[in-house]
Amino acid sequence: MATEGEDRQSFAAASPNASTRTFNVGTRRSLLARAQATEVVKALRAAWPEHNFEIHAMSTTGDINQKTALHKFNEKALWTQELEVLLEEKKLDLIVHSLKDMPTQLPVDLILGAVTEREDARDAFVLKSSYVGTYKSLEDLPEGAVIGTSSLRRSAQLRRAYPQLKFADVRGNIGTRLSKLDDPNSEYTAIVIAVAGLQRLGLTNRITSYLSKENGKMLHAVGQGALGIESRNGDQAVAELLSRIGCDRTTRAVLAERQLMRTLEGGCSVPIGVETRWTSKSAYSNTQAGVGSKPADVYDQLTGAAKSESSSDSDLSDELILNAIVVSLDGQDAVEIETRRVVTTHEQANDLGFEAAKLLVNKGADKILEKVQLNRGIIQEQGNA
Ligand SMILES: NCc1[nH]cc(CCC(=O)O)c1CC(=O)O
């Protein structure tokens, strides 16, 4: 663990006053990770003014090993494992993750304790600064223009929709990727990057266009735009804390997405894209009504992330629509499905995800994914040689 000594020493001991406790919140060290943890701690402080919350930001293997392309790692766990050990050792009480970086299988003693309200789940098309104004969208790009992305999901979908484009790896945190993009000597014309990350860093001014199934044939990653909070199974105090900051609708939507992923056994960077949306605009409720409420705002049809909070009964007829795509790495083959059902419980959310996986497999998704695994094996062999 590449944590610094001062981090370890600053873990506060439990307060002698039973009504006031200090909770230790773990996160990765990147600017985005810390912004995310700060966002969650702000909500926790508002909901629980009597408690103290301390953020512990740590480097993980995934952060340190930036040279190796993401898909060469078999395990998604490289972003999460070291923090999880500290959670198990009770040095941390909860961990804030980008949900999309959280494996669908967690260690047995740990759980996805809560999911907060989702930001925009879409990917963004971001042009090199010097090209802003020259091109407006992916369609406008000249033959052979190079798109920077290290995500197989992104490159596969883009290859399919825009066969005239070329793709190159770009690694690093969001700031690094943007500076590599803007470097006049870099090969990139544009990069594709999550809207939510840009939003949380106050960088939405960099977005040239928003990509979706409708616009650009780009479905986002499972869990994209949402924050997942990992905690110990059976930790009642933390469960109670989290009950005030979780978002029901986001939770149900991402559970469906994660069940789809789990069923297809997709790992870190497999080309599975999803989009979820609710048929009704109302009933976007926090786990506990009245806490963490936000001013009413427009319903975001695409992400299913209504920006208002209410505890309406229309939840009971709430239907969730799930779109999903599995694409071959070269973009040549793809299977796509849409399925929907009333989802008012976590079980129904899992059922929807499972149903979606079944529909995809019936259409041949398993064969596409098998080939992806095979390719990955070959890439790894070459990497080892
Ligand atoms: N793969 C890295 C990663 N993990 C989480 C985000 C931010 C978006 C999110 O929270 O879903 C990003 C950046 C990106 O994919 O462009």
Side-chain angles (χ1 to χ4, degrees), residues 1-4 7 25-41 55-73 75-84 95-103 116 118-129 146-155 167-208 211 220-230 267-269:
M1 179 91 193
T3 177
E4 289 164 17
D7 276 334
V25 178
T27 184
R28 288 167 48 201
R29 213 180 255 288
S30 74
L31 215 55
L32 177 62
R34 280 180 288 148
Q36 292 177 162
T38 302
E39 187 181 316
V40 168
V41 162
I55 295 176
H56 303 271
M58 291 152 189
S59 307
T60 62
T61 309
D63 293 313
I64 295 158
N65 202 336
Q66 305 224 337
K67 293 236 155 59
T68 314
L70 270 181
H71 56 265
K72 290 180 191 166
F73 289 104
E75 292 300 324
K76 220 175 178 179
L78 80 159
W79 302 112
T80 55
Q81 221 160 38
E82 287 134 319
L83 288 163
E84 284 173 342
I95 306 171
V96 179
H97 300 282
S98 293
L99 184 63
K100 83 165 175 184
D101 295 330
M102 269 182 98
T116 56
R118 193 175 218 173
E119 280 282 0
D120 196 320
R122 288 175 291 182
D123 282 319
F125 169 61
V126 177
L127 269 174
K128 195 194 276 290
S129 304
V146 175
I147 308 295
T149 177
S150 300
S151 150
L152 299 181
R153 173 188 59 82
R154 288 174 179 146
S155 58
F167 299 88
D169 225 37
V170 61
R171 285 277 332 254
N173 61 39
I174 291 178
T176 308
R177 281 189 253 171
L178 288 172
S179 23
K180 285 181 180 171
L181 168 67
D182 290 339
D183 179 348
N185 295 319
S186 81
E187 61 190 313
Y188 315 110
T189 304
I191 59 174
V192 174
I193 198 164
V195 169
L198 293 170
Q199 239 160 13
R200 293 193 163 107
L201 294 175
L203 292 168
T204 47
N205 61 325
R206 291 303 313 261
I207 299 175
T208 306
L211 305 175
H220 60 74
V222 164
Q224 187 158 310
L227 302 184
I229 300 168
E230 193 173 11
C268 180
S269 231

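Note that the structure is predicted; figures quoted are calculated from it, not measured. The figures here come from the full heavy-atom set of this structure, side chains too, leaving out hydrogens, waters and symmetry mates.
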> Can you list the residues that meet the side-chain contact (heavy atoms from CB on, under 4.5 Å) rule with T27, with sequence neighbours excluded?
A33, R34, A37, I55, A57
> When you measure from the side chain of S151 to the backbone N and O of R154, does any donor-acceptor pair fall under 3.5 Å?
yes
> Please identify which of these residues, I193, V126, L201, I174, meets the side-chain contact (heavy atoms from CB on, under 4.5 Å) condition with R206.
V126
> Answer yes or no: is there a donor N or O on one side and an acceptor on the other, between the side chain of Q224 and the main chain of R122, under 3.5 Å?
yes
> Just so I know, are the side chains of V40 and V25 near enough to count as touching, which here means a heavy-atom distance under 4.5 Å?
no
> Return the CG to CG distance between D183 and L178, rounded to the nearest 0.5 Å.
12.5 Å
> So, S186 side chain and D182 main chain: donor-acceptor pair closer than 3.5 Å or not?
no
> Roughly how far, to the nearest 0.5 Å, is the CE atom of M102 from the CG atom of L227?
11.0 Å
> On a heavy-atom basis, which atom in G225 and which in A196 lie closest, and how many Å separate them?
CA-CB, 3.6 Å
> When rounded to the nearest 0.5 angstrom, what is the spacing between CG in L127 and CD1 in I207?
12.0 Å
> Distance check, rounded to the nearest 0.5 Å: L181 atom CG versus T176 atom OG1?
12.0 Å
> Kindly compute the distance separating CG (D123) from CD1 (I191), expressed to the nearest 0.5 Å.
11.0 Å
> Main chain of P184, side chain of K128: is a donor-acceptor contact present, judged purely on distance under 3.5 Å?
no
> Would R28 and N173 satisfy side chain to side chain contact (heavy atoms under 4.5 Å, CB included), going step by step from the backbone distance to the final call?
CA-CA 11 Å; R28 288 167 48 201; N173 61 39; over 6 Å; no
> Would you name the heavy atoms of F125 and I147 that are closest together and state the gap between them?
CE1-CD1, 4.5 Å
> What's the shortest heavy-atom distance between G148 and Y188, and which atoms?
CA-CD2, 3.6 Å
> Calculate, to the nearest 0.5 Å, the distance between atoms CZ and OG1 belonging to R177 and T149 respectively.
7.5 Å
> Under 4.5 Å between any side-chain heavy atoms of R200 and E119, yes or no?
yes
